[in-house]
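Here is the naming used below: chain letters follow the sequence lines, and residue numbers restart at 1 for every chain. Values reported hereafter were calculated over all heavy atoms of this structure, with side chains retained and with hydrogens, waters and symmetry mates removed. None of these values were measured; they are calculated from a predicted model.
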Amino acid sequence: MGRSDIRNAPYGYRARIGYTSPPLTSEVFPFEFYQVVPAGVSLVITTLAITVRSAQEVDRSYDISMLAAEQMAEAGCDAIVLGGVPINLAKGAENADAMIKELSDKLGIPVATSASAQKEAFRLLGCKKLVVAHPYKEEDNYRFDDYAQKFGAEVLGTRAFGSNFNRIGGIPDNAALDMGRDLMKAHPDADTIMFPSPHWPVINAIEPLEKEFGVHVMSSIQAILWQALRLAGIKDRIDGFGKLFQEH
Amino acid sequence: MAGKNGAGKDMDRIRGWRARIGYTVAAVTTEVYPIDWYRVVPDGVSLMMITLPLGTRSKEDVEKCYAISIESAHTMAKAGADLVVLGGLPINISRGDGTIEGLMAELTREVGVPVSSSAASQVAAFKVLGSRKVVTVHPFLADQNPRHERTIRDFFGLEPVGVHAGGSNLVELGKLTPRSALDWGRAALQAHPDADTVYFGCPHWTVIDAIQPLEDEFGVRVMTSLQAIAWHSIRLAGVDDRIDGFGRLLRDH
């Protein structure tokens with residue numbers, strides 16, 4: 001950038017998106033955020049307290065989320081997404097929508113959660129029969145059956161990468177693509193591949209899998225970013241990361 | 001950052017295939033730091049962050065953040081960081097014994113991966129640049145000027161020749177523009193032409209686009225917190241690439 005054309009606008013000159021990031025450490029999310037969003041959209045991030053996903057950590061993270069949301073609003077964010085489905089639903093799934101409305105009314109800006117963003121993405125894409133590829137250990141498989149039910153879909157098959165929660169930033173780029181392919185070969189009647197968790201690399205697997213198998217791919221990060229952009233008034237159609245960004 | 005849709009990337013690799021750098025952010029939220037980080041570092045170097053509950057910079061706040069920083073270093077090492085950098089100059093020097101190198105060496109032994117700090121990075125940067133007379137530019141109110149002068153003189157052992165306060169505050173940092181840093185840097189150097197170095201404190205406002213223009217225009221060294229942290233981190237992690245466009249520190253050292 002030359003001396004005369006130095007930018008006289010902040011990074012988030014179109015929109016500033018607040019996001020509370022559940023893992024105590026955040027590595028993949030900011031990277032993939034900037035691969036996807038248009039220029040002029042910035043991320044304001046707070047890390048929460050999850051390392052092993054204990055009930056105590058989830059409760060603490062819920063409380064930090066509320067405080068962070070207030071600071072993000074004060075800092076001028078245009079929309080806020082509260083991350084972490086377990087945290088979002090910590091006060092009961094039946095209370096989740098009321099919490100969003102109450103917080104949005106209080107802060108005066110749009111608020112969504114990872115759970116609400118994914119629910120809306122499922123609805124718009126028409127996802128019904130899922131295969132799920134997640135980064136954690138097999139013992140976590142049951143959680144995604146539960147989420148799918150809440151989102152009005154059923155799970156036909158699940159693959160677990162096998163990582164501990166605190167190591168998912170070290171998963172290679174091709175893992176999501178390989179797991180998605182395996183699942184589609186085992187369950188060709190699936191209409192959707194779901195990649196839960198926005199903290200492992202999945203963004204580069206979306207488009208190849210949609211093209212190869214003619215299915216929907218719905219990943220947490222894609223749903224969160226799509227919902228955040230739309231709530232902040234950014235309606236750009238974005239190519240390269242699946243039909244959610246292209247068509248909705 | 002990699003191109004859209006990861007074009008040209010090797011899919012067998014992890015994000016931080018050359019180095020994964022852990023960093024404790026001395027703020028509840030962060031916005032500018034990861035953007036400027038990825039503009040500066042080479043592909044394959046990733047950033048792992050933990051935000052800290054630093055509010056009003058009260059003594060209690062700083063002490064609490066120091067304790068959390070140490071805990072965070074352990075967390076990031078367990079998560080696979082190759083190096084951990086503790087952010088926040090006031091937090092780093094809160095022990096007050098002036099032995100930042102000793103503290104980092106002790107933490108390195110305790111945590112099991114190399115541990116550095118914002119303060120250590122900036123000490124190293126001033127040293128290799130050969131800085132002596134420093135004018136400081138910071139984005140906060142002028143009531144912070146004496147603290148900055150003391151830090152330059154007492155902690156870094158350099159001569160403070162002036163301070164320029166931008167007049168903003170922590171909450172507004174993300175709204176500052178690159179033009180602000182350039183304008184304030186010019187004003188500082190015009191007011192203090194005897195400075196050999198302009199120092200931009202705080203890595204949470206956007207400064208990196210002002211570095212090269214100011215070095216070219218005034219023939220001085222420019223050292224910024226983020227530039228020093230990024231430079232020191234990648235060198236400690238064994239990444240020796242010379243990087244153009246963000247000052248002589250990243251290009252020549």
- Query: Quick check: are there more than 12 heavy atoms from other residues, nucleotides or ligands sitting under 6.0 Å from CD of Glu247(A)?
  - Reply: yes
- d(Arg20(B) CZ, Thr25(A) OG1) to nearest 0.5 Å is 8.0 Å
- Message: Can you tell me if Lys78(B) has over 12 outside heavy atoms packed within less than 6.0 Å of its NZ?
- Response: no
- Message: With a 6.0 Å cut-off (strictly less than), is the heavy-atom count around CD of Glu212(A), excluding the residue itself, greater than 12?
- Response: yes
- Query: Just one of Tyr34(A), Phe33(A), Phe31(A), Tyr11(A) clears the ring pair (Phe, Tyr, Trp, His ring centres under 6.0 Å) bar with Tyr38(B), so which one?
  - Reply: Phe31(A)
- Message: Looking only at heavy atoms and a cut-off of under 4.5 Å, which of Ala68(A), Pro10(A), Gly169(A) has the most pairs with chain B?
- Response: Pro10(A)
- Locate the shortest heavy-atom distance separating Ser42(A) from Ile35(B); write the atom from each residue and the value. CB-CD1, 4.2 Å
- Taken to the nearest 0.5 Å, the spacing of Glu31(B) CD from Ile17(A) CD1 works out to 10.0 Å
- Ranked by heavy-atom pairs below 4.5 Å to chain B, first place among Ser21(A), Gly170(A), Gly76(A), Pro201(A) goes to Gly170(A)
- Note on the structure: So, the part of Ile64(A) with a heavy atom under 4.5 Å from chain B: the answer is neither
- Supply the atom-to-atom distance Met76(B) CE to Asn166(A) CG, rounded to the nearest 0.5 angstrom. 12.5 Å
- Task: Rounded to the nearest 0.5 Å, what's the gap from OG1 on Thr47(A) to CG on Leu52(B)? Could you check?
- Result: 7.5 Å
- Decide, yes or no, whether a salt bridge links Glu27(A) with Arg15(B) under the criterion of side-chain N to carboxylate O below 4.0 Å. no
- Task: Return the option, out of Ile171(A), Ile45(A), Asp178(A), with the maximum number of heavy-atom pairs under 4.5 Å with chain B.
- Result: Ile45(A)
- Pick from Thr75(B), Val32(B), Ile50(B), Thr206(B): which one has the most heavy-atom pairs with chain A under 4.5 Å? Ile50(B)
- Closest-packed option against chain B by number of heavy-atom pairs under 4.5 Å, given Gly18(A), Ser26(A), Ala75(A): Ser26(A)
- Task: Select, from Asp183(B), Leu173(B), Thr29(B), Leu176(B), the one with the greatest count of heavy-atom pairs under 4.5 Å involving chain A.
- Result: Thr29(B)
- Task: Kindly indicate, with the supporting measurements, whether the criterion side chain to side chain contact (heavy atoms under 4.5 Å, CB included) is fulfilled by Arg13(B) and Asp173(A).
- Result: CA-CA 6 Å; Arg13(B) 289 172 172 166; Asp173(A) 251 354; over 6 Å; no
- Report, as yes or no, whether the 6.0 Å neighbourhood of atom CD on Glu74(A) holds more than 12 heavy atoms from other residues, nucleotides or ligands. no
- Heavy-atom neighbours of Arg18(B) CZ exceed 12 at 6.0 Å: yes
- Is any side-chain heavy atom of Pro30(A) less than 4.5 Å from a side-chain heavy atom of Met49(B)? yes
